Amino acid sequence: MNSILSIVYILAVVSFITGLRMMSQPSSSRAGNQWAGAGMIAAILATLFLYRNEAGQALQNQIWIIGALALGTLIGILIAKKVQMTAMPEMVSLLNGLGGASAALISVVELMKLSDSGFVVGMTADTQSGIPSYVSRGILSILFAGLVLGGITLSGSLIAWGKLSGRISDFGFKGQHIINLVTLIITLGLAVWMIMDIQNIQPYGIVAIGILALIYGVFFTAPVGGADMPVVISLLNSLSGLAAATSGLLLDNKVILVGGILVGAAGTILTVLMCKAMNRSLINVLMGSFGGGSAQAGPGAQGTVKEISKSDAAVVLSYAQKVIIVPGYGLAVAQAQHTCHELEKLLEAKGVQVTYAIHPVAGRMPGHMNVLLAEADVSYDNLIEMDQANKDFESTDVVLIMGANDVVNPAAKTNPASPIYGMPILDVSTAKTIFVNKRSMKPGYAGIENELFFHPKTSMIFGDGKKMLQELINEVRNLD
Amino acid sequence: MNWLLANESMIYILILVIFLGFSVINKVPSVLHTPLMSHANAISGVVIIGAMIVMGQVEPDNYLALSLGFLAVLAGMINVVGGFAVTDRMLHMFKKKEAPKAEK
């Protein structure tokens with residue numbers, strides 16, 4: 001191996017690790033991302049021009065490789081520019097699926113090569129280049145691992161993408177966990193059998209493993225519903241890291257190994273952090289009990305819903321001392337973050353103190369809401385986290401809930417039968433007045449009723465978030 | 001067993017990096033969870049190097065393998081470029097607003 005290539009690889013690994021490290025703090029995160037990106041591009045270019053195999057040959061098919069790199073760069077930049085901030089979670093999922101596809105395809109191409117040479121165990125000379133290739137159970141295990149992990153990542157991420165963008169709805173059936181488990185066992189069993197019986201491998205067996213892995217990915221993601229989606233994406237993200245790492249083992253390439261395992265481990269930690277934020281166990285999430293028909297929210301919330309006119313709401317907001325806005329996914333869907341910021345500025349000009357209470361899983365992913373509000377120029381200092389917010393509500397005159405539902409549902413505290421029981425919530429009921437903006441009385445993403453809407457302090461303002469805020473702004477202006 | 005012995009150093013690296021990965025992002029404010037996931041996703045695109053190497057060893061007249069390799073490199077590159085660019089766009093929004101005053 002070329003020594004310049006080695007140096008570039010080592011620097012790339014350093015950039016990945018420091019990049020991840022710097023990502024842990026808002027102030028250094030952007031530089032960290034750029035570092036790692038630069039390291040990655042350097043490693044790709046160095047591989048293209050400097051890589052030599054054991055027989056000292058450079059990469060062949062350079063035109064094809066350069067073509068794929070150029071096309072990929074173009075598509076990557078285009079989608080990164082075009083995607084809306086609200087669609088960010090599904091975009092991450094889609095990109096993740098592509099990474100899985102890449103890893104699975106590597107295994108497929110390598111398995112095809114081995115299949116052409118008849119899976120001869122031991123040292124064999126490659127007919128064309130004369131490179132010794134070594135087919136062993138170890139290598140076969142790695143190839144199958146790459147195929148299975150990559151396949152699950154690909155189909156699972158595609159389903160997650162489809163669900164988050166509303167193209168696919170949840171589906172699950174009774175006993176699906178058992179079918180899932182059986183699918184996984186058959187897949188792994190088939191792989192183990194083929195590894196043991198290495199002399200008699202049939203190509204259709206390999207195809208079967210690939211297809212089973214894809215099916216498992218679908219089954220694995222499909223029943224997971226509601227607020228749990230980010231956890232699954234994070235888990236699939238760490239799977240794609242492991243899939244990548246198998247290529248590193250296969251090619252004896254340490255950048256790929258380190259990059260892949262780093263993501264695998266960091267992704268696992270991130271998954272656990274997200275589960276903790278929702279006070280749910282990973283097993284529970286994967287079983288898909290959230291919003292999956294079986295869960296009944298006990299006695300449905302009853303009572304009368306109070307509605308308030310926009311002009312009355314404007315008066316109450318204008319004369320309040322302290323207002324806390326609780327943004328949810330509804331705000332994101334309505335693209336109302338800019339209008340929301342406008343209302344905030346208007347109220348602040350009247351001497352009202354306005355802050356935003358951010359639940360850890362508000363939106364569709366942890367941190368999603370912060371990104372959206374940052375896009376609308378909302379100051380970072382005005383965003384308060386859950387623990388602080390729960391203290392602040394007591395001294396708050398008005399809480400304005402914008403399209404949030406499950407994260408403020410008191411059933412999480414009071415009703416052990418509720419599927420979200422135990423999830424920490426924003427306990428808005430200690431505030432003096434609560435305004436809730438929703439499009440209709442439809443339950444939230446987790447599919448359960450919210451008794452907060454029937455609370456005596458609560459008044460509903462129905463309508464599309466953006467339109468409602470615009471009208472509210474006009475009403476506040478008219479007060480002058 | 002042969003394979004295990006031949007790859008001993010890779011296995012050591014693997015174990016050490018697992019622990020490194022666990023500790024490197026231990027305390028992250030939830031604000032950064034989405035960008036961090038996106039960033040980690042972009043790094044997992046490192047698999048593209050493997051795709052390039054594999055494709056570079058395919059015989060030039062094996063069109064099936066070439067097309068699959070092409071797809072692997074393409075998918076990997078979209079993952080890398082899209083991932084880092086999307087993360088950068090998200091983080092761009094956290095930038096402090098009073099930047100122009102800082103000069104001079």
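Since this is a predicted model, take the numbers as computed values, not measurements. Below, chains carry the letters A, B, ... as their sequence lines are ordered, and counting in each starts from 1.
Heavy atoms closer than 4.5 Å to chain B are found in both the backbone and the side chain of A:T73. For B:A65, the parts lying under 4.5 angstrom from a heavy atom of chain A are both the backbone and the side chain. Residue A:V108 touches chain B through its side chain alone, counting heavy-atom pairs closer than 4.5 Å. Using a 4.5 Å cut-off between heavy atoms, A:V258 touches chain B through backbone and side chain atoms alike. Only the side chain of A:Q34 comes within contact range of chain B, with heavy atoms under 4.5 Å apart. Using a 4.5 Å cut-off between heavy atoms, A:L257 touches chain B through its side chain atoms alone. With a 4.5 Å cut-off on non-hydrogen atoms, A:I358 does not touch chain B at all. Heavy atoms of A:I256 lying under 4.5 Å from chain B belong to its backbone as well as its side chain.
Taken from CE in B:M37 to OG in A:S238, the straight-line distance is 10.0 Å, to the nearest 0.5 Å. Put simply, CZ on A:R30 and CE on B:M90 are 12.5 Å apart, with the number rounded to the nearest 0.5 Å. Once rounded to the nearest 0.5 Å, the distance linking CG of B:L14 with NZ of A:K254 reads 12.5 Å. How far OG of B:S44 is from CG of A:L239: 10.5 Å, rounded to the nearest 0.5 Å. Atom CE of A:M23 is separated from atom CD1 of B:I43 by 8.5 Å, given to the nearest 0.5 angstrom. Interatomic distance, A:N33 CG to B:L36 CG, rounded to the nearest 0.5 Å: 10.0 Å.
A side-chain contact (heavy atoms from CB on, under 4.5 Å) with B:N41 is found for exactly one of A:L236, A:V263, A:I233, A:N96, namely A:N96.
Annotation: maximal heavy-atom pairing with chain A below 4.5 Å, among B:I13, B:I53, B:L16, B:T87, occurs at B:I53. Top candidate by heavy-atom pairs under 4.5 Å with chain B, chosen from A:N237, A:L262, A:L242, A:T268, is A:N237. Chosen from A:L20, A:L74, A:I75, A:L383, the residue pairing most often with chain B at heavy-atom distances under 4.5 Å is A:L20. When each of B:V73, B:L20, B:V86, B:V24 is checked for heavy-atom pairs under 4.5 Å with chain A, B:V24 comes out on top. Considering only heavy-atom pairs separated by less than 4.5 Å from chain B, the leading option among A:L71, A:L59, A:T246, A:L372 is A:L59. Across B:L66, B:N62, B:I18, B:L64, the residue that shares the most heavy-atom pairs under 4.5 angstrom with chain A is B:L66. Annotation: maximal heavy-atom pairing with chain B below 4.5 Å, among A:V83, A:I79, A:V255, occurs at A:V83. Per-residue counts of heavy-atom pairs under 4.5 Å with chain B were compared for A:G37, A:A43, A:A70, A:G39; the largest is that of A:G37.
With sequence neighbours excluded, the residues that form a side-chain contact (heavy atoms from CB on, under 4.5 Å) with A:A103 are A:A243, B:V47. For A:T153, there are no side-chain hydrogen bond (donor to acceptor under 3.5 Å, both in side chains) partners two or more places apart in sequence or in a different chain.
When side chains are defined from C-beta on, B:M55 does not count as touching A:I106, because their heavy atoms never get closer than 4.5 Å. Using a 4.5 Å cut-off on side-chain heavy atoms (C-beta onward), B:V81 and A:I77 make contact. Here the side chains of B:I49 and A:Y51 are not in contact, with every heavy-atom distance at 4.5 Å or above. With contacts defined as side-chain heavy-atom distances shorter than 4.5 Å, the pair A:E110/B:V54 qualifies. Side chains of A:N370 and B:L32 form no contact here, defined as non-hydrogen atoms less than 4.5 Å apart. Annotation: side chain of B:M77 is in contact with side chain of A:I44 (closest heavy-atom distance under 4.5 Å).
A:G99 and B:N79 get closest at one heavy-atom pair: CA-ND2, 3.1 Å. Considering all non-hydrogen atoms of both residues, A:A80 and B:R89 come closest at O-NH1, 2.7 Å. Summarising the geometry of A:M40 relative to B:G45, their closest heavy-atom pair is CE-C, 4.3 Å, with the distance given to 0.1 Å. Here the closest heavy-atom approach between residue B:A72 and residue A:S102 is recorded as O-OG, 2.8 Å. Here the closest non-hydrogen pair linking A:V92 and B:S38 is CG2-CB, 3.8 Å. Shown here for B:H39 and A:A36, the closest heavy-atom pair between the two residues is CE1-CB, 3.6 Å.
A donor-acceptor pair under 3.5 Å is absent between the side-chain atoms of A:N53 and the main chain of B:Q57, judged by distance alone.
A perpendicular orientation is assigned to the rings of B:F70 and A:W64, their planes being inclined by more than 60° (bins at 30° and 60°).
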**Study point:** Pair A:L69-B:I48, side-chain contact (heavy atoms from CB on, under 4.5 Å): steps then yes or no
**Key:** CA-CA 9 Å; A:L69 290 178; B:I48 191 181; 3.6 Å; yes
Check your understanding: Could you go step by step and tell me if B:H33 and A:L273 meet the side-chain contact (heavy atoms from CB on, under 4.5 Å) rule?
Key -> CA-CA 9 Å; B:H33 280 181; A:L273 283 179; 3.9 Å; yes
